[in-house]
Engineer: 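Here you go, one structure.
Naming: A, B, ... by sequence-line order, numbering from 1 per chain.
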There are 2 protein chains.
Amino acid sequence: MADKRPAKKRDPERTREAILDAAREVLALDGKEGLSVARVAQRAKVNRGTAYQHFQTREQLIEATAAWVSEKLHRAVFGDPEIASNVPAENINIESVNKHLAEFAMENPELGGVWLFEVLSSRRPANDMFWRTYESKFEQFAATKFAQPDIDVEVLSVLILAGSFIWPVWARAHARTANERQEMSARFSREILRLCLHGTLRPELYAELDARLTKEAKAVSELRAVVPKTRRASSNS
Amino acid sequence: MADKRPAKKRDPERTREAILDAAREVLALDGKEGLSVARVAQRAKVNRGTAYQHFQTREQLIEATAAWVSEKLHRAVFGDPEIASNVPAENINIESVNKHLAEFAMENPELGGVWLFEVLSSRRPANDMFWRTYESKFEQFAATKFAQPDIDVEVLSVLILAGSFIWPVWARAHARTANERQEMSARFSREILRLCLHGTLRPELYAELDARLTKEAKAVSELRAVVPKTRRASSNS
DNA sequence: CCGATAGTCAACAGCATTGTTGACTATCGT
DNA sequence: ACGATAGTCAACAATGCTGTTGACTATCGG
């Protein structure tokens, strides 16, 4: 009775990594729906019980993965988190940000989707590394002379992120080869840029609508100046 | 031995409806992940086997629900399908379309999300009633003098639909009361409209970028004029 | 070198789901 | 009024997942 137990070496950190690696593989393969602790553990060559030791629940495992994605995404779009925070918003290359975002999304469709939903449904999105940078840079930029007035940064952030991560769903259904997908990604970036520069309507033909909108925006911003930030989305309660 | 079997009346159509109703309830409650044939059958007060008779698989049940949603959505945004097809694209009230879309999404967040993914991952989105109208009206509109040139309608359709149906995810995480949610929905519509009119950047400060973009757009459109429609997204293969 | 700590594992019990089958019977066409 | 059709159901067998528990043992601090 020599080697009943394989006398496995211990390295909790490595084990944790193995589990997270496996979780990412499963997610990338079958999405959120396909992820079960059992399957992940099996793929990580770890006992299910062990997995439960590291992540008390399926949800926590997903959250941890989302955090990992957030960091990767940050690197892909803004570069090193340490450095990025010092770059003034005016210097950000909008074209490059959009492009890298779109490419990341196209290359990691499932993981990206999981991350997106995790952040959006989180009660504290500001805990998420990428969201924090993205939204705050956007906010700063919107205050510069380069930006149009009256932008609702929160809406626009959600819009562009949602679009970026959901476009690949469409793309994968309609593009077979890697090349076609790359072209799809480029198309998306291009259109976002075009949209940012010109919108879709000729404002001179919508004078009345334009005026009304501007008036409304003024009213809203005054309202927000009075009611500090309490009831706004950040929700520091 | 009188009433062993409740001697249930038969009405296949009604049964089918009951199952679909239940499926919608379950989806609205717990989303796609929470839907199992067993649960739906139970809620519809129908034997599981019966449910399998009407819908061979969980997926088909979801597809059927998505089709139902598509029709409701069509009514909410464009009105009666018969009539809508005759309205010329120039007469469409963009503000109203966006508003109804956003409201529908906010009121049916889960169902909307399910529909969205169903269409986007479908190989034949043109089979979907709402998508067909939305995209074609958009396409027609983009050809009028009211629209900016060089719009990529496909990208923009996906972008706006994705935004509309995902914004509620954010909204529900940050707004408690129905009123707050309504305000969130209004904010979204407003910002979409603003974006359509003015974009986010002051184009006069991005002359070089603008020029490059326009040049690219021209190249792309010439390319598409040569390669008919074959390799494009519709994919009539 | 010993004892506490904590990482790892096998096994248990409970539950939900899946797809299928054969039996029953309401319904409809003739 | 009868027989075929098809809608409905109960029950089966197989599978997979969930949490939890108790036992084993590698590792580390003293």
Engineer: Is B:Glu154 salt-bridged to A:Arg187, cutoff N-O under 4.0 Å?
Structural biologist: yes
Engineer: Just checking, is any N or O donor in the side chain of A:Ser70 or A:Asp128 under 3.5 Å from an acceptor N or O on the other one?
Structural biologist: yes
Engineer: Could you tell me whether a side-chain N or O of A:His74 sits under 3.5 Å from a main-chain N or O of A:Met129, the two making a donor and an acceptor?
Structural biologist: no
Engineer: What contact category does A:Thr57 fall into here, base, sugar-phosphate, or nothing, at under 4.0 angstrom with non-hydrogen atoms?
Structural biologist: nothing
Engineer: Under 3.5 Å between N/O atoms: give me all the protein pairs with nucleotides 4-6 of chain D, atom names plus distance.
Structural biologist:
none

Engineer: Donor-acceptor pair, distance only, cut-off 3.5 Å: does the side chain of B:Glu135 make one with the backbone of B:Trp131?
Structural biologist: no
Engineer: Here's a test of your reading of the structure: between B:Gly49 and B:Asp11, which maps to the more 5' nucleotide of DNA chain C?
Structural biologist: B:Gly49
Engineer: Output the rounded distance in Å from OH (A:Tyr52) to C1' (D:dT20).
Structural biologist: 10 Å
Engineer: Taking only side-chain nitrogens and oxygens of B:Thr50, does any of them come within less than 4.0 Å of OP1 or OP2 of D:dC9?
Structural biologist: yes
Engineer: Roughly how far, to the nearest 0.5 Å, is CD of B:Glu95 from CZ of B:Arg190?
Structural biologist: 10.5 Å
Engineer: Measure the distance from CG on A:Leu61 to P on D:dC17 and round it to the nearest whole Å.
Structural biologist: 14 Å
Engineer: For B:Arg194, is there an ion pair with B:Glu191 - N to carboxylate O distance below 4.0 angstrom?
Structural biologist: yes
Engineer: Please report, rounded to the nearest Å, how far the C1' atom of D:dG16 is from the CG atom of A:Asp30.
Structural biologist: 15 Å
Engineer: Give a yes or no on this: more than 12 heavy atoms of other residues, nucleotides or ligands lie within 6.0 Å of atom CD of A:Gln42.
Structural biologist: no
Engineer: Return the value, rounded to whole Å, for the distance between atom CZ of A:Phe55 and atom P of C:dG7.
Structural biologist: 13 Å
Engineer: Return yes if some donor-acceptor pair links the side-chain N/O of B:Lys99 with the main-chain N/O of B:Ile94 below 3.5 Å, else return no.
Structural biologist: no
Engineer: Among residues 35-43 of chain A, which ones have heavy-atom contacts with DNA chain C below 4.0 Å?
Structural biologist: none
Engineer: Can you tell me how far C1' of D:dC17 sits from CZ of A:Arg48, to the nearest Å?
Structural biologist: 7 Å
Engineer: Rounding to an integer number of Å, can you tell me how far A:Glu13 CD sits from C:dG7 C1'?
Structural biologist: 13 Å
Engineer: Using modelled atom types only, decide if a donor and an acceptor are shared between the side chain of B:Ser121 and the backbone of B:Phe117 within a distance under 3.5 Å.
Structural biologist: yes
Engineer: Write down the distance between CG (A:Asn47) and P (D:dC24), rounded to a whole number of angstrom.
Structural biologist: 16 Å
Engineer: Rounded to whole Å, how long is the line connecting atom CD of A:Glu33 with atom P of D:dG16?
Structural biologist: 18 Å
